[in-house]
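Have a look at the structure below, then the notes.
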Number of protein chains: 2
Amino acid sequence: MKINSFLKNIFLFSELTETELNNVASVSALKRVRKGQHVFEEGDTATSFYAVAHGAVKVFKINEEGTENILHVQNDGDLIAEAVLFGIKRYPANCAAIKDSTIISIPKEGFVDLILRNPKLSIKFMSAYSRRLKGFVDKIEALSNSVEQRLSVYLIEHSVRSKGRQVCELDISKKDLASLLGTSPETISRTLNRLEKQDKIAIESNKRIIIRQ
Amino acid sequence: MKINSFLKNIFLFSELTETELNNVASVSALKRVRKGQHVFEEGDTATSFYAVAHGAVKVFKINEEGTENILHVQNDGDLIAEAVLFGIKRYPANCAAIKDSTIISIPKEGFVDLILRNPKLSIKFMSAYSRRLKGFVDKIEALSNSVEQRLSVYLIEHSVRSKGRQVCELDISKKDLASLLGTSPETISRTLNRLEKQDKIAIESNKRIIIRQ
DNA sequence: CGTTGCGTTGATCTCTATCAAAAAAGGTGG
DNA sequence: CCACCTTTTTTGATAGAGATCAACGCAACG
């Protein structure tokens with residue numbers, strides 16, 4: 001079974017026995033989603049939660065004016081909409097792929113029982129929750145800072161040291177980046193230029209930014 | 001034991017047997033905090049989590065400029081800092097009473113074991129988490145709306161029908177309300193006046209607002 | 001190549017923060 | 001209950017960050 005190998009890489013399931021893993025795998029489904037394609041939409045009846053096997057998805061809301069607001073981006077191994085297990089009847093937000101991705105859909109049916117039989121699983125769930133919660137707290141706090149600060153933090157947190165330089169490869173579109181940081185594409189563009197003028201960054205290409213010192 | 005009666009009113013503990021309740025109670029402590037007094041501060045070593053027995057507390061961050069940013073307000077029966085149970089070593093935010101309150105402090109020591117022995121407890125924890133998470137999602141989304149909209153939502157959500165009128169009793173200071181809604185007291189004041197001019201509300205007194213139709 | 005969506009640039013506008021100061025409300029002690 | 005002090009709230013004036021609108025260049029793609 002192919003799903004099994006994916007499941008093993010997901011932190012949540014690392015405590016399960018082979019048999020349990022098989023049980024989960026037998027009811028789960030691998031799903032390929034192309035960039036831009038939706039996984040679920042706000043208000044849909046929630047029967048499954050998901051895990052990202054490979055790729056990246058955005059979880060977002062759309063307000064009355066039609067503006068998209070990205071809550072978070074989930075990458076390899078991350079869970080999506082696990083709140084489904086705890087009473088939520090409809091998805092509270094939208095989810096769509098921002099790269100071609102492979103995701104695993106796991107029906108909630110029967111999963112609560114699995115948790116009840118595997119208390120350690122619940123601890124894992126909760127630590128995943130804690131992290132998510134922490135992320136949201138940081139995000140709420142960040143929203144009181146300026147766009148320049150939020151963008152700087154994003155660039156630094158998504159950069160890696162390479163050949164003595166601190167490099168940030170932008171793996172999401174600037175439109176999505178704007179939405180994630182709660183601003184507009186225009187402001188992102190202008191702020192990047194400003195940061196470059198201040199010699200804080202160097203824009204090497206559209207998708208690659210060097211962070212100075 | 002006085003703590004026992006408080007514990008029973010907390011959703012989280014409603015599934016425990018009398019013995020377990022006693023066990024929790026025996027290591028817990030009732031704590032009275034006066035309005036304004038701190039429960040814990042960001043960065044403090046986290047050894048306990050809390051439940052509000054009676055009163056209200058605010059959980060907040062303070063940014064570099066010293067501005068206070070309220071994440072959420074917790075009332076009777078709500079948990080505080082339960083993330084302590086799942087690996088967090090230091091409190092990630094501050095907590096202070098906004099009314100004279102009684103809170104229960106529960107040492108994390110031994111509590112994880114209790115969860116492992118009571119899987120249902122973990123489900124309760126997780127549903128509490130879900131709610132918190134949902135609250136944060138709403139808050140992040142709301143921050144992209146105008147202050148007028150955020151304030152309107154707050155007023156409506158905190159109002160009750162009474163004698164044929166929809167009444168909102170403000171039980172927190174406008175300063176705190178401003179911080180909770182991510183704005184300034186001045187803007188709250190002005191926005192309330194604007195809403196009244198638009199006949200959307202009637203300001204009956206400093207602490208009581210009538211919502212029109 | 002035309003089309004379509006993304007990114008940049010320019011110009012403008014408005015919401016909201018901020019500063020300052022007065023007014024109102026709460027507490028406290030006599 | 002009053003006088004006094006502190007904190008909160010309101011009001012006014014001002015400035016600035018960032019949204020929005022519009023237009024254009026650009027790359028991807030059928």
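Each chain gets a letter, A, B and so on, in the order its sequence line appears, and its residues count up from 1.
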Under 3.5 Å, which N/O atoms of the protein pair with N/O atoms of nucleotides 5-9 of chain D?
from: D:dT9; atom 1: OP1; to: B:Lys174; atom 2: N; distance (Å): 3.0
from: D:dT9; atom 1: OP2; to: B:Lys174; atom 2: N; distance (Å): 3.2
from: D:dT9; atom 1: OP2; to: B:Lys175; atom 2: N; distance (Å): 2.9

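If you take CD1 of B:Ile203 and C1' of D:dT11, they are 14 Å apart, rounded to a whole angstrom. Per the geometry, CD belonging to B:Glu196 stands 11 Å off P belonging to D:dT10, to the nearest Å. Remark: P of C:dG26 and CD1 of B:Ile98 are 16 Å apart, rounded to the nearest angstrom. Following rounding to the nearest Å, A:Leu177 (CG) and C:dT8 (P) show an atom-to-atom distance of 11 Å. The CG atom of B:Leu192 sits 15 Å away from the C1' atom of C:dT16 (whole-angstrom rounding). Nucleotide D:dA17 holds its P atom 14 Å from the CG atom of A:Asn145, rounded to whole Å. The CZ-P distance, from B:Arg194 to D:dT10, rounds to 14 Å in whole Å.
Checking side-chain atoms of A:Ser101 against main-chain N and O of A:Lys99 turns up a donor-acceptor pair under 3.5 Å. Side-chain N or O atoms of B:Gln37 include one that pairs as donor or acceptor with a backbone N or O of B:Arg34 at under 3.5 Å.
With ring centers used as reference points, B:Phe125 lies under 6.0 Å from B:Phe86.
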Quiz item: Which parts of nucleotides 19-30 of chain D does protein reach within less than 4.0 Å, heavy atoms only, written one letter per nucleotide 5' to 3' as B for base, S for sugar-phosphate only and - for none?
Solution: SBBB--------
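In this structure, B:Glu68 does not pair ionically with B:Lys61, as no charged nitrogen and carboxylate oxygen lie closer than 4.0 Å. Salt bridge A:Glu196/A:Arg212: absent, no basic N to carboxylate O contact under 4.0 Å. One finds a salt bridge joining B:Arg194 and B:Glu148 here, because a Lys/Arg side-chain nitrogen approaches an Asp/Glu carboxylate oxygen to under 4.0 Å. With respect to B:Lys58 and B:Asp176, a salt bridge is recorded, a charged nitrogen being found less than 4.0 Å from a carboxylate O.
Other residues, nucleotides and ligands contribute only 12 or fewer heavy atoms inside 6.0 Å of the CD atom of B:Glu109. For NZ of B:Lys175, the number of neighbouring non-hydrogen atoms (other residues, nucleotides, ligands) closer than 6.0 Å is 12 at most.
Distances shorter than 4.0 Å separate some side-chain N or O of A:Asn193 from OP1 or OP2 on C:dT9.
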